[in-house]
Structure formats: C-alpha cells, structure tokens
Q: 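This is the structure I have questions about; it appears just below.
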Amino acid sequence: MENAVPTEQGRETFRLLLLSWYRLNARDLPWRQTRDPYRIWVSEVMLQQTRAATVVDRYTQFIERFPSIASLALAREEDVLALWSGLGYYRRARMLHSAAQLLMKEHGGSLPKSSLELRRLPGVGDYTAAAIASIARGEAVAVVDGNVERVLMRVLGKGAGPRSASAARLKQAANELLDQGAPGTFNQAMMELGATVCLPHGPLCGSCPVREFCRTQGEHPARPRKQMVSVKSHYALVKKPMGNGGRHVEVLLVQRQPDASQMPGMWELPTLGDHDLIESKASEPVLRIRHAITNKNFYVQVFPLEAETFRGLSSASDSETQDWVAANKLPEIALTGLARKILMRLDVFAKPRQVRQGKALPGADDEFL
DNA sequence: GATACGTGGGC
DNA sequence: TGCCCAAGTAT
C-alpha cells in the first residue's frame, strides 16, 4: 500500500502535529480527568456507538452511584439498568455489571493490566481493550474505532484494492503511527480528530493539523443505506391517584419478557392492540410521537385509560409482569428509552434536576400530526 | 462476514 | 411521518 507517511521521520512529524493540536483542542470531558482504569472502562463502554455529548451526564451519575468495581458488582442488575435507561444497547450494562462481578470473584476486584487480558472480559472487544490499556496503563497499543478508521482511510488513501482497507491493515497502520511514548493521548487525539475535524461529511480540512500528510483531503466512500420501516404502536397511560391530596400518582408499567430480543426485562407502558382501542372506546391520544429504533420508525400514540377500563381489556390479562409505580420512583426504574420519553413528555416522570430555559419543552422534532 | 442491538442529534 | 450515524461487541 502506498503510504502518505512512509518514513519514520514523516510519522514522527505527524505525531507531533497531532499531539500539539490535541493539547489545544481536546474537549473537556469528565473521563479525561482521570486515569482510574475503572472509570476509563465505564466511559469506554458507554461511548460504544454513543456520542460523547450523550454520555457526559450518564457517566457522571453512574460514577457517583457506582464509584468502584466493588460497588458496581454489589449492585442489582435492575439498578444498573435504571441508570442506563435511555442510553440504549442495554447488553452493555449487563455485561459491564457481570464483568465487575467476575473481577471481584476472580481478579481481586481490579482490572487486568494488559489489553490481552482485558479483551477476555464480557463486553470488552478489541477497541475497548486497547483503549483502557493505552489510556489507563500506557500500553503501546493502537485503537481502531470508527473515527480512527475514517482518519486512516483518508490519510492513507484508498490503496491498491479492497484488501488494503481490511481491519488488519488498518490496525497495522494505526500501530505504526502510534506514539510509543504517549499511546493513550495519541489514541484519543486520533479519535478526537475524527470526531471534530475529520468528519464523515464535510470534513474541516482547513483546520486539520495533519492535512499535509493526507492523500485524499476528505473523500470518504458512502455506505449502503438501509431501508426504514414504519410501525404503528399504541400505549396506555393508566394512572391512579395515590393520596397525598392527589398530588402523587402511580403509573401502570409492564415488564418486557426476559427473553425478548430487544430490551429484555426493561419496563414500558402497557401496549394496546387495535382490538383494545375499540374495546376501550379510547378517544383522543394524549400524545403522538415518533420514535426511531435502528431502522424502524415507531409512530406512537398514547391513550389515557382509567384503571378499571384497562383491567377489562384482553391485553391486561397477558402474562407480562405488571406493576404500579409511583411517579417519583420512575428514575429508579429500568425504563425503555421510549417509555422514558413518553413519561417525560406527559410530565409524569419526575425530572431529576435539569431546568430547561428558553426552550420549548416538547421536543418538536419527533412530534407528529 | 453479516446481523442484531437503542437512541438522540444534526442536517 | 427522512437519513445518517456515534469512542463496538457478540453471535
């Protein structure tokens, strides 16, 4: 493969330029203020397929609640999932939790040092193992995530054929480029460059510290797109006053099947079939929203129902676990992202702290009709 | 290697 | 009632 940084001298210049750019431009993110392997691990798992901006608050809350491997290991899985609610890819949380328990049992409660050993933990793949080892332990191993892959493809150019872009070639290129003296910082700098300058669309080549080494100046092949599918779904909002002068309410929730492929064991509003809608004589929905999950658009309508009405419906006798949950306990429940969104919009969810100012609260974007 | 797994934000 | 995709992993 032809290489825009073929000589060691070229690579060294690349490193210096990248690292000095990073020193000036690194975003101030909470997990960058520590080298605690546990915290790095938590942040890396949260960051899998998830934007840094989304992770910031969740990371802070998570670390506050589970400051150590031991505290995480001792927690109940449902409490871990409750903190993960809305982040998606819930398997990550389960694996993080089970890995913490494994470490308590078999590794003296600490994370292994090498990327090779880290790689054996559930939920820790090549990327995460390299990230933890390089950032927290200074191991000279390069990470290749989506950002690094894009940066390298652009810097190195397409090369001779499809093989040149294989994972193995990219990993090799990344390791040749790696700064042996500061692997953790170098890795983060490469990712930061991808996340903030070498963007998938409209890369900011004018601001790129290593543009002199770049063969392509920003070209990037488009990926095949996937067809979106539309699905309609209906949910019931069943409330019951709790006393206290009617100030507090309880909401009826159901738990998804433990063997469901999506969001197993998570809690959501009771679903209503078409038959239920007729049967319940439901009138107008209190809420219509769109909720996208991977390649499916859910067009969701929420109908307010009296407890007694709901009890009479066929769906109510399904074998799912049901429970009344006090509104002020909702933050402790492992809700699906959709359930969380609905309860927030309808002002049932006791909002933790965030005060929104100057913004129209109903998110507008995914509201429909 | 392909596919499933969630969600929010940007345009 | 769009489309992309983000600090991936497991199967």
Side-chain angles (χ1 to χ4, degrees), chain A residues 26-27 29 31-32 40-59 81 84-96 98-99 118-132 134-135 142-151 162 166-168 174 184 187-196 198-202 220 222-233 256 260-264 266 268 288-301 334-341 344 363-369:
Chain A
R27 289 168 296 175
L29 299 167
W31 48 90
R32 288 186 173 157
I40 302 297
W41 177 33
V42 170
S43 72
E44 290 301 341
V45 173
M46 283 192 174
L47 286 162
Q48 290 167 8
Q49 297 291 284
T50 310
R51 292 171 196 282
T54 308
V55 169
V56 170
D57 285 346
R58 299 315 191 86
Y59 168 83
L81 285 170
W84 211 271
S85 165
L87 267 184
Y89 289 125
Y90 299 101
R91 200 172 45 177
R92 292 183 295 174
R94 296 178 208 276
M95 290 189 295
L96 187 67
S98 68
L118 287 162
R119 180 67 180 78
R120 297 202 205 108
L121 293 171
V124 177
D126 287 344
Y127 164 77
T128 305
I132 300 170
S134 64
I135 297 170
V143 301
V144 181
D145 71 334
N147 285 314
V148 175
E149 178 182 326
R150 185 174 58 256
V151 170
S166 75
N187 281 333
Q188 292 185 81
M190 286 287 279
M191 294 189 281
E192 190 80 349
L193 188 70
T196 64
C198 196
L199 304 168
H201 301 288
H220 189 56
R223 295 189 194 180
R225 59 168 92 133
K226 288 183 185 157
Q227 183 80 38
M228 283 299 265
V229 177
S230 291
V231 182
K232 285 181 183 171
S233 60
R256 296 173 62 81
S261 76
Q262 288 189 32
M263 301 163 278
M266 305 286 287
E268 61 185 354
R288 298 161 182 263
I289 55 173
R290 188 182 57 152
H291 186 72
I293 292 187
T294 13
N295 63 334
K296 278 190 187 142
N297 269 327
F298 288 93
Y299 291 91
V300 175
Q301 300 192 40
L335 299 167
T336 66
L338 174 56
R340 167 175 294 262
K341 185 150 85 176
M344 288 269 216
D365 239 19
D366 43 14
E367 222 104 12
F368 69 103
L369 268 205

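All of these numbers come straight from a predicted model, not from anything done at the bench. These numbers come from the heavy atoms of this one structure, side chains and all, not from hydrogens, waters or symmetry mates.
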Q: Give a yes/no on whether any side-chain N or O of S261(A) is located under 4.0 angstrom from OP1 or OP2 of dC5(B).
A: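 Yes, such a contact exists.
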
Q: Examine dA4(B): is either OP1 or OP2 under 4.0 Å from a nitrogen or oxygen in the side chain of T294(A)? Give yes or no.
A: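 Answer is no, no contact under 4.0 Å.
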
Q: Is it the case that the side chain of R290(A) and the backbone of N297(A) share a donor-acceptor pair, with hydrogens and angles ignored and the cut-off at 3.5 Å?
A: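 Not a single qualifying donor-acceptor pair exists.
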
Q: Can you tell me how far C1' in dG1(B) sits from the matching atom in dG8(C), rounded to whole Å?
A: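 Nearest-Å result for dG1(B) against dG8(C) at atom C1': 16 Å.
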
Q: Of the options dA6(C), dT9(C), dG8(B), whose atoms approach the side-chain atoms of K341(A) most closely?
A: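 So the nucleotide nearest the side chain must be dG8(B).
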
Q: Check for a donor-acceptor pair, side chain of T50(A) on one end and backbone N or O of Q48(A) on the other, with a separation under 3.5 Å.
A: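 Yes; judged by distance alone, with no hydrogens or angles, the pair exists.
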
Q: Check the distance between dG2(C)'s P and N295(A)'s CG and give it to me in whole angstrom.
A: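 One finds 13 Å between P of dG2(C) and CG of N295(A), rounded.
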
Q: Within the structure, does a side-chain N or O atom of Y59(A) lie under 4.0 Å from either OP1 or OP2 of dA7(C)?
A: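 For dA7(C), OP1/OP2 do not have a side-chain N/O of Y59(A) under 4.0 Å.
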
Q: Y89(A) side chain N/O closer than 4.0 Å to the phosphate oxygens (OP1, OP2) of dA10(C)?
A: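 So the side chain of Y89(A) is outside the cut-off, no N or O lying under 4.0 Å from OP1 or OP2 of dA10(C).
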
Q: Here's a test of your reading of the structure: between R119(A) and S43(A), which maps to the more 5' nucleotide of DNA chain C?
A: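 By nearest-heavy-atom nucleotide position, the 5'-most residue is S43(A).
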
Q: Taking any heavy-atom pair under 4.0 Å as a contact, classify R32(A): base, sugar-phosphate, or nothing.
A: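 Base contact - R32(A) has a heavy atom under 4.0 Å of at least one base atom.
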
Q: Applying a 4.0 Å non-hydrogen cut-off, can you work out what E44(A) is touching in the nucleic acid: base, sugar-phosphate, or nothing?
A: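 It contacts base atoms.
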
Q: Taking the side chain of M95(A) as heavy atoms from C-beta outward, which of dA10(C), dG2(C), dG6(B) is closest to it?
A: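 The nucleotide sitting nearest to the side chain is dA10(C).
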
Q: Record whether the side chain of R91(A) comes under 3.5 Å of the base of dT9(C) through a donor-acceptor pair of N or O atoms.
A: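 Yes.
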
Q: So, does the side chain of T50(A) form a donor-acceptor pair with the base of dG6(B) at under 3.5 Å?
A: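 Such a pair exists between side chain and base.
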
Q: Rounded to the nearest Å, what distance is computed from the CD1 atom of residue I289(A) to the C1' atom of nucleotide dG8(B)?
A: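 Atom-to-atom, I289(A) to dG8(B), this comes out as 13 Å.
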
Q: Tell me if the side-chain of R51(A) makes a donor-acceptor pair with the base of dC5(C), cut-off 3.5 Å, by modelled atom types.
A: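 Looking at the base of dC5(C), it does pair with a donor or acceptor on the side chain of R51(A) (distance under 3.5 Å).
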
Q: Taking only N and O in the side chain of H201(A), is any of them less than 4.0 Å away from OP1 or OP2 of dC5(C)?
A: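 For H201(A), the contact criterion (side-chain N or O under 4.0 Å from OP1 or OP2 of dC5(C)) is met.
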
Q: Looking for any heavy atom pair under 4.0 Å, which part of the strands does R27(A) touch: base, sugar-phosphate only, or nothing?
A: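 Touches a base.
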
